Amino acid sequence: MPAANHWIVTGNFTDDGAVAWRRADGTWSRAIAEAGLLADEASAKAIAARAVAAEQREICDPYGIEVFAEGTTIDPLTARQRIRANGPTTPIRRPDSGISR
Amino acid sequence: MYQYDDYDRRIIIERAQQFRGQVARRLSGEITEEEFKPLRLQNGLYMQLHAYMLRVAIPYGLLSSKQVRKLAHIARTYDKGYAHLTTRQNIQYNWPRLANVPVILDELASVEMHAVQTSGNCVRNITSDHFAGIARDEIEDPRPYCEILRQWSTFHPEFAHLPRKFKIAVTAAPGEDRAAVRFHDIGLRMVENAQGERGFEVLVGGGLGRTPVIAEVVRDFLPKRHMLSYIESILRVYNLAGRRDNKHKARIKILVTALGVEEFRRRVEEDWEKSRTPALELPDAEVARVSAFFAPPPYENIAADPDRLISLGLGRDRDLGNWVKNNVFPHKVPGYSAVVISVKKPGIPPGDVSDTQLDAIADIADRFSFGHTVVTHTQNLVLPDVKTSELPRLHAELRALDLGEANVGKLTDVITCPGLDYCDLANARSIPLSLEIAERFDRIDYLNDVGDVSIKISGCINACGHHHVGNIGILGIDKRGEEFYQLMLGGSPGNDASIGKILGRALAQNEIVDAVEKVLGRYLEIRDSIDERFLDTVRRVGFDPFKEAVYGSADPLEAAGGD
């Protein structure tokens, strides 16, 4: 795919709050690379609005974001969305201090 | 510590049962996220960037070892092996699944804990001095009053839908404010009047966030028996007159500022004269009943030996000596000390405690401190009642747990909000800065040379990291989707309360810790003696030397850089 800016739709899964990305077929993925690309903000808004009504059991608060896409890579344009896509940038679990449980 | 009675137990169990039904309806799709959100927030459950977050209330920060073990169990079983200490003496779990939250609430209820009123526009966790009950400088243990306030505020029907959240802090140490009472919606300072009677100085309208305000004194002296009725009047005036049209203008500080403290006081006093009834007066018997839960533990009769701490501090074991100097605090009972366990170690997010550490801390609390632990608003833990003679053994055990950092009150004891790594509100990350600071300045001689200085980092203007009251404050901002940071100097949360001011233009992430180092370097050059604290130097010389150090110019326009 030629490099260009697109829009995608994101939200959080109801079950565990994990970041969700909407595929082109209307299902939801945990990987941003699987997100369905949309041409413009209006398309993303329309899909998000439909998802709020029709997919609310699975997904919380869907909305559209702008991304840069090239080949199979999708990169968000803001620090917030990059962190949502990739997870916290700091250690998630403290290293075990060596004490047996 | 306080033990639940049947009423406490019943309302917490009932609330957990209600929430189980609400979660089931959300998971089935019977209710939408929009409908569910206010219900989950009333039970301390937020949606953050990557997951739900459950905030658990710890009234005035006090935990039994049984509760600490339960928190470890929850971290291990339902989360990713750790809990996070917050800046209001609570803990948070960052990764619970929604279906598990009712089970977690059941687990918490089994040890007299809950997550009620840790979110939403209601009275939040009552906080206090982390040395409450043991401080040499307090005139009375404030915890019974905190507990009475907790009981009064829990599910109080009149104050369940305030214009905005409401935070109350209590201290009984007039000489040193360790609870930041001047930055709470209501701060209560226990004082003695000219007749030697004890009561509260009542401060109202303090807060941080986008409009930092130092609280005003609304009443110089309130007899203790009127504590509840007077606070009800404050809340009633706020509930009726506080703004509800704009959440950024809804805190009581905005109302107090808009009315002026004299008019606010007049309204409160007028309401109080009309509304106070004997039913709201605190009976001596009830205060005595609650106070009995906070009776001193069975201390041994140990002769005072003030030289002991000095000799430990100067001994051959330098790690122990530094830890004793920085992490051990005076206790009102001879032969005992208060120990602050630093949860600020390089490489580990500040305030994160693993399940294994929590279990070990519970064991240590049982063996060294009558089974008690206290969470501080600075994201550390206190063992309140340690025999001074046992400090070397305790230090060795803590060091084996990676909890032996000797940095309390020093440069690397940074207060840090979760920031953009976790928080849905944040504009910028906080934890990576804190980790960089911890790594760069992790030299005990440098820490001791720089002395007492606080760094506080918030990832957005909501100020959960208390940046306004850091001697050095760092505020994360968003500039066209990228992270930048404002550097502030001169804040203090204590009796000498002050709000920090921005030094100059915002800095990029790769500039901000360098800027902190330059500020500290200039301080070391210009302090008038090694006894002059960083904050005192800033107050004495102003900002120009620090602007020059960071920006190469003291010119405010140049330093501001058009930001």
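Letters go in sequence order (proteins before strands), and every chain restarts at 1. Note that the coordinates shown come from a computational prediction; the quantities given were computed from them, not determined experimentally.
Summarising the geometry, atom CD belonging to B:Glu33 is positioned 3.5 Å from atom SG belonging to A:Cys60; distances are rounded to the nearest 0.5 Å. Rounding to the nearest 0.5 angstrom, the gap separating the CG atom in B:Asp352 from the CD atom in B:Gln357 is 9.5 Å. Distance check, rounded to the nearest 0.5 Å: OH of B:Tyr422 to CD1 of B:Ile431 gives 6.0 Å. From B:Thr378, atom OG1 reaches atom CG of B:Asp413 across 5.5 Å, with rounding to the nearest 0.5 Å.
Contacts of residues 35-46 of chain B with chain A at a heavy-atom distance below 4.5 Å involve B:Lys37, listed in sequence order.
Ranked by heavy-atom pairs under 4.5 Å with chain B, the first of A:Val19, A:Asp15, A:Val52 is A:Asp15. Chosen from A:Gln81, A:Arg80, A:Arg84, the residue pairing most often with chain B at heavy-atom distances under 4.5 Å is A:Arg80. Highest contact tally toward chain B, considering only A:Thr78, A:Asp16, A:Ile59, is held by A:Asp16 [criterion: heavy-atom pairs under 4.5 Å]. Chain A forms the most heavy-atom pairs under 4.5 Å with one residue out of B:Leu27, B:Leu435, B:Asp79, and that residue is B:Leu27.
Remark: the backbone N or O of B:Arg429 is paired with a side-chain donor or acceptor of B:Tyr485 at under 3.5 angstrom. Judged by distance alone, the side chain of B:Arg26 and the main-chain N or O of B:Ile31 form a donor-acceptor pair under 3.5 Å.
When heavy atoms are compared at a cutoff of 4.5 Å, B:Glu34 does not approach chain A at all. Contacts between A:Ile83 and chain B at a heavy-atom distance below 4.5 Å involve backbone atoms as well as side-chain atoms. For B:Pro96, the part lying under 4.5 angstrom from a heavy atom of chain A is the backbone only. Contact of B:Asp424 with chain A is made through backbone and side chain together, with heavy-atom distances under 4.5 Å. In this structure, chain A has a heavy atom under 4.5 Å from the backbone of B:Ala426, while its side chain stays farther away. The parts of B:Tyr52 that come within reach of chain A are both its backbone and its side chain, each placing non-hydrogen atoms under 4.5 angstrom from that chain.
At a threshold of 4.0 Å, the pair B:Arg69-B:Asp363 counts as salt-bridged, since one of the basic side-chain nitrogens sits closer than that to a carboxylate oxygen. Note on A:Glu58 versus A:Arg22: no salt bridge recorded, every NZ/NE/NH1/NH2 to OD/OE distance being 4.0 Å or above.
Using cut-offs of 30° and 60° for the angle between ring planes, the B:His73 and B:Tyr78 rings count as perpendicular.
The two atoms that bring A:Trp7 and A:Ala39 nearest to each other are CD1-O, 4.3 Å, heavy atoms only.
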Working for side chain to side chain contact (heavy atoms under 4.5 Å, CB included), residues B:Gln379 and B:Lys344: CA-CA 8 Å; B:Gln379 301 175 291; B:Lys344 313 290 173 61; 3.8 Å; yes
